[in-house]
Structures are given as structure tokens and as C-alpha cells.
Amino acid sequence: MRVRTQLALALSVLAGFTAAVIVAVSFLGSREILFRQIQSQALSIAATAAGAIDVEAHERIRTSADEAGADYGLVQKQLRAIRDANRRGDVHVRFVYTMRPQDHGPWIYVVDAEPAGEDHSPFGTPVEFENGEALHLDRPYVEKAFSKDEFGTWLSANAPIVNAAGQPVGLLGVDIAASEVLNRLNHLLVAGLVAGGVALAAGI
């Protein structure tokens, strides 16, 4: 093989390797930044929404029969407005709901923005997440990884609902579907691969 051919092949391999490394490093770094950005958006939505809930009406909801009452309807309307306002291109909130701790036993759902049906969590339904973090009543927080429940896989953020005395009495939860997050990450990967392919072609 001629020296010129060997050199050309060596440079092509080097260009391909360099492009692959650049794509990998860029994708991993950008993926982390994007995931944190989505976490931040979810946390901001939850924290802002928790302050928009009628806490007095929320506190009067104490039994499943209250789902037919005016207080439940008021809070549900507020949750739906929050959900619908945050179904955007940059972040798509799927579920918004409130939860309350019990003196003895698991946390329960209180108000769910979804209408009655398979996606609705009725009052008193225990809150159960597979691989989810423990619920915190003292501060807003967003989970560091996806969690699962009977409705799917989610990135969830929660914020305390505080009464007039400044005491946290429940949590407002926001769920973003994992598929939404993964789609954005996949678009990022495709863009990186295209850029890497162009770099490789230019190098060759």
C-alpha cells in the first residue's frame, strides 16, 4: 500500500474517532443540562402552582363524598388551569394533583385535575410510586430520576401547600411523562449524530 494511501486512511480513522468522541462528550453534557432544565421547569411550576390553590377550600375536603362538593370543584378547576397553562412545547405537564399525609398510614390523593375515569385518582387513594422518593412536606423538590406508578413513568415535582398560619398541610404534585423527556433527549442525540456525520465527512 502506498504511503499516501496509508496516510489518508490513518487520517480518516482519526477524523472518525475524533468526531465520535466529540459527539459522545457533547451529547452526554447536553443531556445532563437538558434533564436539569426540565427538572427546574417542573419544580418551578409546582412551587408557583402551590401558592395559587385555595387552601381553605382544600382543607374542607375530608371525605370521598366531598368530590361532589363546591370546594372540590373549585380546587379542581384551579388545578386544571395550571395543567393546561403548562402544556407547552418546552415542557408538557401531564398530571397535576394534590396529596395529604395521614396521621397513620400512607399519603393519599386529595384533588386530581383529571376528570372521572381511568386517569383520575379519587379522594383517599393511597399514593404509591415504584422507585419514587419519599414525599417531603417541608420543601419544594423534584425527583432526581424517573418514578413509576399505575399510570406510567414520570418525572415528578412537588411543593408544599401552606395554610394561613404558615403550616404545610399538603403537597401539590406535577408529573411530566418520561416519554416527553426522552423524546427531547433523543432529538438531541439525532442532532449530535448528524453533526458528527458532517464532521466525519468533512474530515475525510
Side-chain angles (χ1 to χ4, degrees), residues 29-55 57-59 61 72 74-102 106-115 118-163 166-188:
S30 299
R31 175 182 176 140
E32 181 68 19
I33 292 171
L34 178 58
F35 191 77
R36 288 183 180 179
Q37 178 188 5
I38 297 173
Q39 285 180 308
S40 178
Q41 289 174 313
L43 183 60
S44 177
I45 292 168
T48 302
I53 296 300
D54 188 319
V55 183
H58 189 268
E59 282 297 276
I61 302 170
Y72 191 98
L74 171 62
V75 176
Q76 187 179 55
K77 182 178 180 180
Q78 293 171 335
L79 294 178
R80 286 176 177 172
I82 293 164
R83 178 200 63 189
D84 295 344
N86 290 285
R87 286 184 168 176
R88 312 186 303 266
D90 59 332
V91 59
H92 185 88
V93 171
R94 180 64 183 87
F95 294 128
V96 180
Y97 48 88
T98 65
M99 302 170 284
R100 177 184 293 149
Q102 298 183 100
W107 283 65
I108 60 171
Y109 290 103
V110 181
V111 182
D112 190 342
E114 300 305 306
E118 60 180 13
D119 288 337
H120 179 76
S121 296
F123 175 90
T125 304
V127 178
E128 296 178 352
F129 282 100
E130 180 184 343
N131 301 324
E133 299 177 18
L135 296 173
H136 304 285
L137 194 58
D138 58 338
R139 66 186 188 279
Y141 70 97
V142 61
E143 294 191 339
K144 299 179 179 65
F146 297 124
S147 58
K148 291 183 179 181
D149 66 7
E150 60 183 307
F151 300 109
T153 304
W154 314 98
L155 177 63
S156 300
N158 302 290
I161 299 170
V162 181
N163 64 17
Q167 300 172 326
V169 294
L171 285 179
L172 184 141
V174 169
D175 290 345
I176 297 176
S179 59
E180 293 286 337
V181 180
L182 293 175
N183 282 341
R184 292 184 64 183
L185 295 177
N186 288 337
H187 289 160
L188 188 64

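Keep in mind that the numbers below use all heavy atoms, side chains included, and drop hydrogens, waters and symmetry copies.
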Q. Does the side chain of Tyr109 reach to within under 4.5 Å of the side chain of Thr98, using non-hydrogen atoms?
A. no

Q: Applying side chain to side chain contact (heavy atoms under 4.5 Å, CB included), run through Ile53 and Ile82 and close with a yes or a no.
A: CA-CA 10 Å; Ile53 296 300; Ile82 293 164; 4.2 Å; yes

Q. Can any side-chain N or O of Thr48 pair as donor or acceptor with the backbone N or O of Ser44 at less than 3.5 Å?
A. yes

Q.
Quick one, Arg100 and Ile161 - any side-chain contact, counting heavy atoms below 4.5 Å?
A. no

**Q.** Heavy-atom closest contact (Phe35 atom, Lys144 atom, distance)
**A.** CE2-O, 3.6 Å

Q | Salt bridge present between Arg83 and Glu114 (N-O < 4.0 angstrom) | A | yes

**Q.** Any residue meeting side-chain hydrogen bond (donor to acceptor under 3.5 Å, both in side chains) with Ser156, in chain and number order, not counting sequence neighbours
**A.** Asp175

Q. Does a side-chain heavy-atom distance below 4.5 Å link Ile38 with Leu155?
A. yes

Q. Heavy atoms, side chains only, cut-off 4.5 Å: are Asn86 and Asp84 in contact?
A. no

Q: May I ask you to decide if Pro122's main-chain N or O and Thr125's side chain share a donor-acceptor pair within less than 3.5 Å?
A: yes

Q) Rounded to the nearest 0.5 Å, what separation is found between the OH atom of Tyr72 and the CZ atom of Phe123? A) 9.5 Å

**Q.** Side-chain touch Val110/His58, heavy atoms, less than 4.5 angstrom
**A.** yes

Q. Rounded to the nearest 0.5 Å, how far does CG of Asp112 lie from CZ of Phe95?
A. 7.5 Å

(Q) Just so I know, are the side chains of Leu137 and Pro101 near enough to count as touching, which here means a heavy-atom distance under 4.5 Å? (A) yes

Q) Side chains of Met99 and Ile108: closer than 4.5 Å at any heavy-atom pair? A) no

Q. What closest approach, in Å, do Val111 and Ile61 show between heavy atoms, and which atom pair accounts for it?
A. CG2-CD1, 3.6 Å

**Q.** CA sep, side-chain torsions, deciding dist, call: Val55, Val162, side chain to side chain contact (heavy atoms under 4.5 Å, CB included)
**A.** CA-CA 7 Å; Val55 183; Val162 181; over 6 Å; no

Q: Mark yes when over 12 heavy atoms from residues, nucleotides or ligands other than Glu118 sit less than 6.0 Å from its CD; otherwise mark no.
A: no

Q) Does the side chain of Lys77 come within less than 4.5 Å of Leu79's, by heavy atoms? A) no

Q | Non-hydrogen atoms of Val75 and Asp54 that approach each other most closely | A | CG2-O, 4.0 Å

Q: Please report the shortest heavy-atom distance between Pro160 and Pro168, naming the atom on each side.
A: CB-CB, 4.1 Å

(Q) I'd like to check the side-chain hydrogen bond (donor to acceptor under 3.5 Å, both in side chains) partners of Asn158; sequence neighbours left out, ordered by chain and number. (A) Tyr141

